[in-house]
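Can you read through this structure? Questions will come right after.
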Amino acid sequence: MSHPAVVVSARRILHVDMDAFFASVELLRHPELRDRPVVVGGGGDRGVVAAASYRARSYGVRSAMATARARRLCPDLVVVAPDHRHYVAVSSRIMDCCAEFTPLVEPLSLDEAFLDVTGSGGLFGSDEALAGELRRRLHEREGLWSSVGVASCKLVAKLASESAKPVPGPPGSAAPVDGSGGVRVVDPADELRFLQDRPVGDLWGVGPVTGARLRSLGVATVAELAGFPVEALVSHLGPSVGRQLHELANGRDERPVVVDVEARSISQEETFAHDRTDAADLRPDLLRMAEQVTRRARRRGVEGRTVHLKLRWSDLGTTTRSRTLGEPTADGLVVASVASELLAQLPVDRGVRLLGVGLSGLGPPADATQLRLSLEGHELGTNVTSSNRAAALRAADEVRERFGETAIGPVVSRSREAGGDDATGDDSR
DNA sequence: TCTGGGGTCCTAGGACCC
DNA sequence: TCTGGGGTCCTAGGACCC
């Protein structure tokens with residue numbers, strides 16, 4: 001008698017990445033710029049490119065490049081100021097479209113997401129078919145092209161979508177983008193080979209510093225990294241980075257697709273056109289930025305306990321200061337006054353190039369009432385209803401009536417002193 | 001012609017408590 | 001009284017990502 005084979009169902013992870021997102025969105029709004037090289041970004045002396053159209057890329061222009069340098073590479077360049085709100089709106093529709101393929105969608109940024117499509121295969125046929133259909137729908141609805149990678153883990157899926165990206169053509173050429181291509185599916189059996197010959201810098205978590213450290217150890221490729229002793233990596237790079245990189249280099253990446261990632265901090269920073277040397281000059285900006293940060297917190301229904309102040313000096317050095325409060329707050333005046341005290345201890349006459357204000361330790365307000373939405377034991381999310389317990393309880397009743405008794409978990413009053421969830425469990429009905 | 005504005009996570013030391 | 005160990009929180013800085 002034979003036992004059925006143990007089938008370890010491999011995950012199928014999809015990574016979708018919009019092509020030249022901000023720039024493509026602007027080209028849709030400004031068709032008259034179709035034949036011009038376009039970047040979105042800051043235009044001043046200190047501006048940088050946030051996104052470059054493919055026509056701009058054909059001149060060597062890249063994102064994160066100083067706008068001044070981009071202009072030298074491409075004198076004809078059109079620089080469009082970013083319109084963040086609009087990109088957020090487009091992004092939200094893109095994520096909705098992704099959600100038609102699986103509920104497991106994890107946005108990475110406005111123009112990128114991971115989808116766990118392990119369970120979606122049967123609905124769309126092959127991975128290629130699913131990826132192609134996602135790409136087609138995104139173009140049909142938003143007029144935007146994307147690149148899609150599918151593999152058994154996030155690392156390979158992301159590299160796969162990258163490898164499916166269009167390549168800029170010779171100077172002056174338009175976007176080499178169309179309905180063909182744009183999809184790369186990596187078979188599980190091919191994943192190690194797919195990784196092997198790449199430079200270590202392709203791995204998630206290897207930037208300039210770690211890359212240089214690895215090269216000094218004689219490690220340049222993923223294959224070399226995979227064969228390097230873990231202990232040596234740990235002693236040179238620290239336990240966290242060392243182990244993580246060793247796993248990734250060997251094609252092991254179990255990071256799940258996480259649906260509701262709650263923000264841990266909110267911040268706002270600004271580089272001045274001209275450096276400031278007087279604290280009094282900074283106060284109005286500090287107050288305004290504290291107000292912007294706390295308004296965003298209030299809109300999300302959270303308060304923060306730690307106020308952060310950041311300064312970049314004329315010589316590009318950076319100093320940060322932070323203070324944790326006894327009580328969480330989303331009050332702009334409170335944040336501004338704490339930040340102001342921190343600022344008072346710093347030598348502003350050194351020359352301030354950048355000012356930043358932030359709030360971390362975010363959570364629901366101390367007096368919030370939370371609804372936990374769950375279905376058959378699976379947590380779907382937490383709906384915070386600030387300060388209005390009666391409304392929260394009514395909302396809970398509505399959900400129960402529509403979806404049944406198991407649809408909603410206990411109603412909870414948040415108490416931070418108790419370390420988070422102080423489940424009162426008294427969903428009084 | 002050294003560079004923006006969001007974020008995340010890690011490390012390391014000190015304070016404090018048990 | 002002295003010494004040590006473990007855990008957690010706070011702060012500053014740094015690496016990295018898009």
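So you know, we letter chains A, B, ... as the sequences are listed, proteins then strands, and number each from 1.
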- Task: Name the nucleic acid region contacted by Ser63(A), choosing base, sugar-phosphate or nothing; use a 4.0 angstrom heavy-atom cut-off, strictly under.
- Result: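 Since no nucleic acid heavy atom lies under 4.0 Å of Ser63(A), the category is nothing.
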- Starting at the 5' end of DNA chain B, which residue's closest nucleotide do you reach first, Ala50(A) or Ser240(A)?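 The residue whose closest nucleotide sits nearer the 5' end is Ala50(A).
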- Task: From the options dG7(B), dA15(C), dC10(C), select the nucleotide whose nearest atom is closest to the side chain of Thr324(A).
- Result: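 Among dG7(B), dA15(C), dC10(C), the one nearest the side chain of Thr324(A) is dC10(C).
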- Would you indicate what Leu354(A) reaches in the nucleic acid, counting non-hydrogen atoms under 4.0 angstrom: base, sugar-phosphate, or nothing?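 Contact class for Leu354(A): sugar-phosphate only.
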- Query: Rounded to the nearest Å, what distance is computed from the CZ atom of residue Arg62(A) to the P atom of nucleotide dC18(C)?
  - Reply: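 Checked: the CZ to P distance equals 16 Å.
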- Tell me, please, whether Phe272(A) has Arg276(A) positioned over its six-membered ring: NZ or CZ under 6.0 Å from the ring centre and within 45 degrees of its axis?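 Judged by the rule, Arg276(A) and Phe272(A) form a cation-pi pair.
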- Ile266(A), nearest nucleotide to its side chain (from dC18(C), dG7(B), dC16(C)):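 Nearest to the side chain of Ile266(A) among the choices is dG7(B).
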- Distance below 4.0 Å between Ser322(A) side-chain N/O and dA12(C) OP1 or OP2: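 Yes, because at least one side-chain N or O of Ser322(A) sits under 4.0 Å from OP1 or OP2 of dA12(C).
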- Message: Within the 4.0 Å heavy-atom criterion, would you say Leu203(A) contacts the bases, only the backbone, or no part of the nucleic acid?
- Response: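 Contact class for Leu203(A): sugar-phosphate only.
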- Message: If the test is side-chain hydrogen bond (donor to acceptor under 3.5 Å, both in side chains), which one of Ser147(A), Ser146(A), Ser53(A) qualifies with Asp19(A)?
- Response: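 Filter result, single survivor: Ser147(A).
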- Message: Can you measure His308(A) atom NE2 to dT8(B) atom P for me and round it to whole angstrom units?
- Response: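 Atom NE2 in His308(A) sits about 10 Å away from atom P in dT8(B).
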- Message: Using whole Å, what does the distance between atom C1' of nucleotide dC17(C) and atom CG of Leu110(A) come to?
- Response: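 Answer to the nearest Å: 14 Å.
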- Message: Mind checking if Val241(A) touches a base, just sugar-phosphate, or nothing, with heavy atoms under 4.0 Å?
- Response: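 Contact class for Val241(A): none.
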- Item | Of the listed nucleotides dG13(C), dG6(B), dA15(C), the one nearest the side chain of Ser267(A) |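 Nearest nucleotide to the side chain: dG6(B).
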- For DNA chain B, whose closest nucleotide is more 5', that of Ala263(A) or that of Glu270(A)?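 This one resolves to Glu270(A).
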- Query: Counting any heavy atom closer than 4.0 Å, what does Gly205(A) reach on the DNA or RNA strands: base, sugar-phosphate only, or nothing?
  - Reply: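 Counting heavy atoms under 4.0 Å across all strands, the contact made by Gly205(A) is with sugar-phosphate only.
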- What's the closest nucleotide to the Glu112(A) side chain, out of dG7(B), dT11(B), dC18(C)?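 Per side-chain heavy atoms of Glu112(A), the pick is dC18(C).
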- Spacing of the C1' atoms in dC16(C) and dT3(B) (rounded, Å):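 Comparing C1' positions in dT3(B) and dC16(C) gives a spacing of 16 Å.
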- Query: Dot-bracket for DNA chain C: what is it, with Watson-Crick or G-U pairs under 3.5 Å, [ ] where a pair crosses earlier ones, and | for a pair to another strand?
  - Reply: ....||||||||||||||
- Should Arg323(A) be listed as having a side-chain N or O under 4.0 Å from OP1 or OP2 of dC10(C)?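 Negative; the distance criterion is not met.
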- Does Arg55(A) make a cation-pi contact with Tyr59(A), if we ask for NZ or CZ under 6.0 Å from the ring centre and within 45° of the axis?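 Pair Arg55(A)/Tyr59(A) does not count as cation-pi.
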- Message: I need the minimum non-hydrogen distance between Val105(A) and Pro107(A), along with the two atoms involved.
- Response: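 Looking at all heavy atoms of both residues, the shortest contact is O-CD, 3.6 Å.
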- Query: To the nearest Å, how far apart are Leu359(A) CG and dG6(B) P?
  - Reply: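 Result: 14 Å.
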- Query: Just to confirm, is there a sub-4.0 Å distance from OP1 or OP2 of dG5(B) to any side-chain nitrogen or oxygen of Thr271(A)?
  - Reply: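 Indeed, a polar side-chain atom of Thr271(A) lies that close.
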- Compare every heavy atom of Glu191(A) with every heavy atom of Val186(A), then report the nearest pair and how far apart it is.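 Closest approach of Val186(A) to Glu191(A): CG1-CG, 3.7 Å.
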- Message: Under 4.0 Å from OP1 or OP2 of dT3(B): is there any side-chain N or O of Arg353(A) that close?
- Response: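 Looking at the OP1 and OP2 atoms of dT3(B), one of them is under 4.0 Å from a side-chain N or O of Arg353(A).
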- Verdict with supporting geometry, Glu270(A) and Arg353(A), salt bridge (charged side-chain N to carboxylate O under 4.0 Å, His left out): CA-CA 8 Å; Glu270(A) 236 172 84; Arg353(A) 179 190 174 94; over 6 Å; no
- Task: Taking only the side-chain heavy atoms of Asp111(A) (C-beta and beyond), determine which of dC16(C), dC18(C), dG13(C) contains the nearest atom.
- Result: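 Nearest to the side chain of Asp111(A) among the choices is dC18(C).
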- side chain to side chain donor-acceptor pair (under 3.5 Å) between Arg296(A) and Gln268(A): does it pass, once the steps are laid out? CA-CA 10 Å; Arg296(A) 284 162 60 194; Gln268(A) 190 97 29; 3.0 Å; yes
- Taking the inter-plane angle between the rings of Trp145(A) and His139(A) on a 0 to 90° scale, is it parallel (under 30°), tilted (30 to 60°) or perpendicular (over 60°)?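 If you compare the ring of Trp145(A) with that of His139(A), the planes turn out parallel.
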- Message: Regarding Pro239(A), tell me which of base, sugar-phosphate or nothing describes its non-hydrogen contacts under 4.0 Å with the strands shown.
- Response: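 Sugar-phosphate, backbone atoms only, no base.
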- Query: What are the two closest non-hydrogen atoms of Ala56(A) and Leu77(A), and how far apart are they?
  - Reply: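 For Ala56(A) and Leu77(A), the tightest heavy-atom pair comes out as CB-CD1, 3.9 Å.
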- How close or far is atom C1' of dC16(C) from atom CG of Leu248(A), stated in whole angstroms?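 After rounding, the reported distance stands at 13 Å.
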- Message: Under 4.0 Å from OP1 or OP2 of dG7(B): is there any side-chain N or O of Arg264(A) that close?
- Response: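 For dG7(B), neither OP1 nor OP2 has a side-chain N or O of Arg264(A) closer than 4.0 Å.
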- Message: Any side-chain N or O of Lys310(A) below 4.0 angstrom from OP1/OP2 of dG13(C)?
- Response: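 It does not, given that no N or O in the side chain of Lys310(A) lies less than 4.0 Å from OP1 or OP2 of dG13(C).
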- Query: To the nearest Å, how far apart are Leu311(A) CG and dG14(C) C1'?
  - Reply: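 Value for this atom pair: 17 Å.
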- Can you tell me how far P of dC18(C) sits from CD1 of Ile94(A), to the nearest Å?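 Taking atom P of dC18(C) as the reference, CD1 of Ile94(A) is at 17 Å.
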- Task: Report the distance from atom CH2 of Trp204(A) to atom C1' of dC16(C), rounded to the nearest whole Å.
- Result: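 Distance check: Trp204(A) CH2 to dC16(C) C1' gives 8 Å.
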- Task: Go through dT3(B), dT8(B), dC18(C) for me and flag the one nearest to the Val48(A) side chain.
- Result: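 Nucleotide nearest to Val48(A)'s side chain: dT3(B).
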- Message: When you measure from the side-chain N and O atoms of Arg305(A) to the phosphate of dC10(C), is any distance below 4.0 Å, counting only OP1 and OP2?
- Response: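 It does, given that an N or O in the side chain of Arg305(A) lies less than 4.0 Å from OP1 or OP2 of dC10(C).
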- Looking at dT11(C), dC18(C), dG4(B), which one has an atom nearest to any side-chain atom of Ala64(A)?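 When the side chain of Ala64(A) is considered, dG4(B) is the closest of dT11(C), dC18(C), dG4(B).
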- Message: Please determine whether a side-chain nitrogen of the Lys or Arg among Glu327(A) and Arg305(A) lies less than 4.0 Å from a carboxylate oxygen of the Asp or Glu.
- Response: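 No, Glu327(A) and Arg305(A) are not salt-bridged.
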- Message: At less than 4.0 Å, is any side-chain N or O atom of Arg321(A) found next to OP1 or OP2 of dG13(C)? Yes or no.
- Response: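 Arg321(A) to dG13(C) OP1/OP2: side-chain N or O found under 4.0 Å.
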